Amino acid sequence: MSEDLFAGMTETLFEDKSILSEEYRPDVIVERDEEIDAYRTALKDVLFGRNPSNVFIYGKTGVGKTAVTEYILHALRAEVRQRDAADELHVHSRNCNDDTVYRTVRSLINGIRGDHREQFPETGLATSHALETLFEEMDDLSGTFLFVLDEIDHLDDVNTLLYELPRARANGHLTDARVGVIGISNNYTFRSSLSPKVKDTLMEKEIAFSPYDATELRSILEMRAEKALVDDACESSAIKLAAAKAAKDTGSARQAIDLLREGGDIAEEVDSGTITDDHIERAAERVQRGRVKNKLRDQTMHGQLILEAIAALEADGHAPVRSKEIQDAYEQITGSWGHDPLTTLKSIQNHLSDLTMLGFLERSEQNRGRAGGAHYQYELTLDPDVVLETRESIEVES
DNA sequence: GATCCACAGGAAATAGTGGCTT
DNA sequence: AAGCCACTATTTCCTGTGGATC
């Protein structure tokens, strides 16, 4: 019996599903002509053996920042090879998510050294030492270096790195090599956290990526669907709907593509020959749920336990709760899973404030004077069931 | 008007891991 | 082995804060 379980299964709708995955890099970029143009102008100095400008890119997730950057750099590298006037070009990328200056510098050094040489130590050395080493490595190779720092707003102490790097030549740390920094951020307010000196060096060229509107998303989806799906696998109204939903929510191509892919999965599950509006509607729920679950998994254990505590309280009808009550529930839950709880209220409050910042919680100020003092009340912004469900599965896995 | 509640929020200390150089 | 270094996650300590209560 069980041998036949998979016997009849075929991929009916997808021709090449990987085209709808997050890693896929299209070789043609649609709907970003202006940005590509601006980018090209910003980097053209590289071709003439001059110091490259620093470029700063912003825009929300899934609006093509990374895709366009890779596309441009690929083209730039190709062009540099054709020209004599251009120095050798070295491009190194780094995702700075939750990163420190030391680790970023280390990763750049290792990028330059390549796999065949000894890796720079993870710890044990001063950050200034790491910077010196980086400059030495660069000078050894000479040529033009472009450092792409993705999610640069998550880098703590951006100021030191962004101060040192672009000025290395002026300060005599570099003699043969040239540097350009390409900073990518999805946070518009990031600018204000920069020191004034850094601001005007890094921000020589700024390019803003705006969210896609429904029409743009539609043409992106049509493009992808053409290649990823078999002919006539998707009703055109379904594409239109996916584009409209994504445009209304985030304006992100990634979200639109997720909807299409998930819609395809659902259509296959119900043995439908085409993806319909209804499948997209149902995909929207799944995609949303999946996103929440992933975000939860990224949290520290104590962060998760605290969210679970609040979810449990809310499920019991205790609407907004203050931190003291959360602590009690948290201690219970921690014990029931067999973990050690945090001992101080302050620690709980630290986490609560983090979780609020990340958008998991909403809080309101309260002041009951002598009868209750000033405090916050917290509330989940998520469905408590999703939290409890996710937590359950995380505990079972481990 | 003084006092007090129950916190908030920031800074600094502490603890612990891992690893470098000399 | 001693002395530094990076990094993380707490904890300890301190200085507000605003309305209710005395």
Side-chain angles (χ1 to χ4, degrees), chain A residues 94-113 117-137 149 151-165 189 192-193 195 295-310 313 318-331 333-335 337-379 394 398:
Chain A
R94 170 70 176 175
N95 188 303
C96 304
N97 200 354
D98 236 357
D99 217 347
T100 62
V101 174
Y102 184 88
R103 277 203 289 260
T104 304
V105 173
R106 169 173 184 269
S107 136
L108 294 177
I109 293 172
N110 287 338
I112 294 171
R113 286 184 174 177
R117 285 178 53 199
E118 196 191 350
Q119 300 285 289
F120 195 76
E122 280 178 34
T123 166
L125 298 178
T127 304
S128 56
H129 182 113
L131 266 169
E132 271 174 42
T133 311
L134 176 63
F135 294 142
E136 281 167 22
E137 294 284 348
L149 305 177
E151 300 194 62
I152 196 172
D153 50 315
H154 289 297
L155 179 62
D156 68 44
D157 205 8
V158 208
N159 285 316
T160 36
L161 184 64
L162 295 185
Y163 185 79
E164 291 293 337
L165 226 38
T189 56
S192 55
S193 67
S195 81
K295 276 172 69 184
L296 277 173
R297 282 169 190 278
D298 285 343
Q299 300 310 305
T300 61
M301 188 182 72
H302 291 300
Q304 289 182 21
L305 287 164
I306 287 169
L307 286 172
E308 186 181 353
I310 302 172
L313 286 167
H318 298 270
V321 272
R322 58 157 76 190
S323 53
K324 195 65 192 293
E325 299 171 74
I326 294 172
Q327 188 183 25
D328 293 342
Y330 157 84
E331 279 169 0
I333 282 168
T334 307
W337 291 120
H339 298 300
D340 291 331
L342 296 174
T343 55
T344 59
L345 183 58
K346 173 72 181 172
S347 317
I348 308 286
Q349 287 164 342
N350 283 343
H351 275 111
L352 286 171
S353 130
D354 284 351
L355 292 167
T356 307
M357 211 84 96
L358 291 168
F360 288 104
L361 300 173
E362 218 157 63
R363 71 182 182 192
S364 54
E365 288 177 70
Q366 300 284 310
N367 198 333
R368 305 256 165 73
R370 212 167 189 175
H375 59 273
Y376 286 134
Q377 294 213 305
Y378 296 89
E379 222 170 338
I394 290 173
S398 58

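Lettering follows sequence order; numbering is per chain, from 1. Just so we're clear, the structure is a prediction, and the values are computed from it rather than from any experiment. Reckoned from all heavy atoms, side chains included, excluding hydrogens, waters and symmetry mates.
- When the C1' atom of dC20(B) is taken as reference, atom OH of Tyr102(A) falls 8 Å away, rounded to whole Å.
- In summary, contact between chain A and DNA chain C, defined as any nucleotide atom under 4.0 Å from a heavy atom of the protein, begins and ends at dC5(C) to dC22(C) in the 5' to 3' direction.
- Qualifying salt bridge (charged side-chain N to carboxylate O under 4.0 Å, His left out) partners for Arg322(A), counting only residues two or more places apart in sequence or in other chains: none.
- In this structure, CZ of Phe120(A) is placed 10 Å from P of dC20(B), rounded to the nearest angstrom.
- Residue-to-nucleotide proximity on DNA chain B shows that, of Ala374(A) and Arg370(A), the 5′-proximal contact is made by Arg370(A).
- End-to-end axis angle of the helix from dG1(B)-dC22(C) to dT22(B)-dA1(C), from C1' rotation axes over five pairs per end: 40° (rounded to 10 degrees).
- Per the geometry, CD1 belonging to Ile348(A) stands 15 Å off C1' belonging to dA8(B), to the nearest Å.
- The local environment of CD in Glu362(A) is sparse, with at most 12 non-hydrogen atoms from other residues, nucleotides or ligands closer than 6.0 Å.
- In terms of modelled atom types and a separation under 3.5 Å, the side chain of Arg94(A) and the main chain of Thr104(A) share no donor-acceptor contact.
- Between Tyr376(A) and dG9(B) there is a side-chain N or O to OP1 or OP2 distance below 4.0 Å.
- The side chain of Tyr378(A) lies closest to dA8(B) when the candidates are dA8(B), dC20(B), dG19(B).
- Note on Ser353(A): nothing from the nucleic acid sits closer than 4.0 angstrom, heavy atoms only.
- Nucleotide dC7(B) holds its C1' atom 13 Å from the CD atom of Gln327(A), rounded to whole Å.
- Both Thr127(A) and Gly369(A) sit near DNA chain C, but only Thr127(A) has its closest nucleotide nearer the 5' end.
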**OP:** Just do the side chain to side chain contact (heavy atoms under 4.5 Å, CB included) check on Gln299(A) and Leu358(A) with the steps written out, would you?
**Re:** CA-CA 10 Å; Gln299(A) 300 310 305; Leu358(A) 291 168; 3.4 Å; yes
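- Distances were taken from every side-chain heavy atom of Arg322(A) (C-beta onward) to each of dC4(B), dG9(B), dA6(B); the shortest belongs to dA6(B).
- One interatomic measurement links the two molecules: CG of Asn350(A) to P of dG10(B), which rounds to 10 Å at whole-angstrom precision.
- Glu164(A) has its side chain out of reach of Val101(A): every pair of non-hydrogen atoms, C-beta onward, lies at least 4.5 Å apart.
- Nucleic acid contact for Ala126(A): sugar-phosphate only, since backbone atoms but no base atoms lie under 4.0 Å from a heavy atom of the residue.
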